[in-house]
Amino acid sequence: MAISDAARHVGQRVRIAGWLYNLRESGKILFPLVRDGTGIMQCVAVKSALPEEVFETVRDLTQESSIIVTGVVRAEPRAPGGYELELDGIEVIQRVPESDPYPITPKEHGIEFLMDRRHLWLRSRRQHAILRIRHEVVRAVRDYFDSHGFTLVDTPIFTPSACEGTTTLFEVNYFDHDKVYLTQSGQLYNEATAMAFGKVYCFGPTFRAERSKTRRHLTEFWMVEPEMAYATLDDVKQVAEELVCYVVARVLENRRAELAVLERDVSKLENVKPPFPQISYDEAVRRLQAKGSSIQWGTDFGGTDETLLSEDFDRPFMVDRFPAAVKAFYMQPDPERPEVVLGVDVLAPEGYGEIIGGGQRIDDLELLLRRIEEHKLPREAFEWYIDLRKYGTVPHGGFGMGIERCVAWICGLDHVRETIAFPRMLYRTRP
RNA sequence: UCCUCAGUAGCUCAAUGGUAGAGCAUCCGGCUGUUAACCGGAGGGUUGCAGGUUCGAGUCCUGCCUGAGGAGCCA
């Protein structure tokens with residue numbers, strides 16, 4: 001039986017294969033807590049009701065020993081979770097020796113100690129809850145796109161050229177004749193597949209060699225990127241808003257227990273409904289300056305700027321029409337104000353910062369060529385991309401949503417490192 | 001790359017320049033409903049490394065190492 005199915009097995013004798021999470025003892029009654037990956041269940045072993053050998057075996061168990069227990073399930077209000085197993089048999093697969101006990105105890109530990117033992121930390125209740133929510137987020141993202149006419153067309157990890165500046169690329173030796181880079185975005189390829197399929201998305205790991213050491217940065221992170229042919233900035237905004245609302249609603253629907261483990265204030269998540277407030281970059285700068293920020297028109301937001309802005313809103317909000325100078329070469333200029341581009345960021349509330357960035361792409365051949373030149377990019381590497389403007393070019397756009405930042409926000413975590421099983425950061429690549 | 005902080009028992013942390021300690025974990029004992037159980041006892045230390053100041057350094061100084069938070073940077 002899976003522990004998560006306990007309610008459907010009340011009164012039945014079942015078998016649970018798992019690990020000892022903790023053992024509480026009270027005289028002649030033992031309360032081993034068993035976890036099996038789906039949940040944690042309290043078992044009860046009463047000395048007078050069991051053969052001596054069974055009772056002593058349970059009493060001698062050590063934390064995280066692998067065991068298979070049998071017994072009858074019953075509803076029990078005194079048990080955490082509401083169900084309890086009256087233990088009548090146990091098989092020990094491996095007993096963890098007390099000479100080298102399981103290092104992660106139920107008490108406090110520092111982050112360095114835990115990160116060094118990430119492979120074991122994943123067994124803990126909080127980490128388990130976070131990664132289950134991540135799974136729900138990923139499923140919801142896929143379900144949203146799959147049910148809205150998007151085709152999944154994944155893009156390559158090895159790429160010959162940069163999408164942004166070359167300083168943030170990880171370089172890889174590609175046999176002995178070439179250098180390639182780990183992708184930092186699938187967007188350029190998405191633009192090609194969107195012209196073939198109409199609406200597409202890719203979903204996979206991306207890599208940024210930024211020397212950033214903050215609560216919002218990983219060097220390897222997962223991003224979902226939709227791209228749509230015949231789409232404008234407004235279409236992009238609408239899909240972004242629908243996606244975020246759908247994902248949050250799914251977590252609220254299916255992962256309440258995990259949110260409770262994390263002590264997340266779900267009322268904040270229940271606010272996540274359309275319409276999201278929308279402000280322009282100009283307006284954002286005005287608001288920030290009024291709050292005392294030193295930001296000047298023409299520069300990008302810092303982390304504290306994003307936090308300041310989010311104080312004004314109780315749900316995710318959008319900022320659009322950024323200065324062209326601070327954005328990527330492919331961004332479509334606003335026809336009414338060429339100094340700004342038709343780009344949009346979605347920022348999460350509660351200071352979690354940018355979770356989505358995107359916008360409308362340049363569809364005009366001549367303008368794209370000019371931008372490539374202005375950004376001093378090697379034209380030969382972009383010939384295929386330029387082709388897309390020669391053969392049936394159309395207005396199009398899309399965005400990227402960072403999964404880890406999204407999960408950190410939904411879970412209410414203070415650092416993205418806990419939102420992925422094995423985080424890769426500036427100074428940490430192990431375990 | 002820069003700034004700030006930290007490094008003492010397996011873990012989390014104390015210790016005015018003057019005998020290195022507590023809680024948890026481990027081990028032994030007690031308790032028939034525990035909820036990070038509780039109660040009693042035991043073992044457990046090259047105070048990150050290398051120098052320096054001092055009668056005396058965990059504590060002050062210099063350098064280095066490691067980690068954390070942040071800045072810059074970040075479609």
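Only heavy atoms go into these numbers, but all of them, side chains included; no hydrogens, no water, no symmetry mates.
Contacts between residues 26-37 of chain A and RNA chain B, defined by a heavy-atom separation under 4.0 Å, are made by A/Ser26, A/Gly27, A/Lys28, A/Ile29, A/Phe31.
No hydrogens or angles considered: nothing links the side chains of A/Glu227 and A/Gln187 as a donor-acceptor pair under 3.5 Å.
Across the strands present, B/U62 finds its partner in B/A50; the criterion is a Watson-Crick or G-U wobble pair with both atom distances under 3.5 angstrom. In this structure B/G23 sits in a base pair with B/C11, meeting the Watson-Crick or G-U test at under 3.5 Å.
The aromatic ring centres of A/Tyr181 and A/Tyr174 sit 6.0 Å or more apart.
A cation-pi arrangement is not found for A/Arg142 relative to A/Phe145, the charged atom failing to lie both closer than 6.0 Å to the ring centre and inside a 45° cone about the ring normal.
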Enumerate all atom pairs, one protein N or O and one N or O from nucleotides 3-7 of chain B, separated by less than 3.5 Å.
none

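No donor-acceptor contact under 3.5 Å links the side chain of A/Glu112 to the base of B/U66. For A/Arg74 against B/G33, a side-chain N or O and a base N or O form a donor-acceptor pair under 3.5 Å. In terms of polar N and O atoms assigned as donor or acceptor, the side chain of A/Ser48 comes within less than 3.5 Å of the base of B/U32 in a complementary pairing. In terms of polar N and O atoms assigned as donor or acceptor, the side chain of A/His217 comes within less than 3.5 Å of the base of B/C74 in a complementary pairing. One N or O donor and one acceptor, one from the side chain of A/Glu84 and one from the base of B/G33, sit under 3.5 Å apart.
In this structure, the NE2 atom of A/His415 is 12 Å from the C1' atom of B/G67, given to the nearest Å. The CD-C1' distance, from A/Glu86 to B/U34, rounds to 14 Å in whole Å. For the pair A/Glu25 CD and B/A25 P, the computed distance is 12 Å after rounding to whole Å.
For the pair A/Leu23 and A/Arg59, both in contact range of RNA chain B, the more 5′-proximal nearest nucleotide belongs to A/Arg59.
Contacts of A/Phe301 with the nucleic acid, taken as non-hydrogen atoms under 4.0 Å apart, include base atoms. Residue-level contact check: A/Pro80 touches the bases, meaning some heavy atom is under 4.0 Å from a base atom. Heavy atoms of A/Lys213 sit under 4.0 angstrom from at least one base atom. Within 4.0 Å of A/Gly358, counting heavy atoms only, lies no atom of the nucleic acid at all. The residue A/Arg126 sits apart from the nucleic acid: no heavy atom pair falls under 4.0 Å. At a threshold of 4.0 angstrom between heavy atoms, the contacts of A/Gln63 with the nucleic acid are absent.
Rounded to whole Å, the C1' atom of B/C3 lies 39 Å from the corresponding atom of B/C55. The gap from the C1' atom of B/A57 to that of B/G17 amounts to 7 Å, rounded to the nearest Å.
Checked for salt-bridge contact, A/Asp282 and A/Arg287 miss the test: no charged N lies under 4.0 Å from a carboxylate O. A salt bridge does not link A/Glu210 to A/Lys213: none of the charged side-chain nitrogens sits closer than 4.0 Å to a carboxylate oxygen.
Proximity of A/Arg215 to the phosphate of B/A71: no side-chain N or O atom is located under 4.0 Å from OP1 or OP2.
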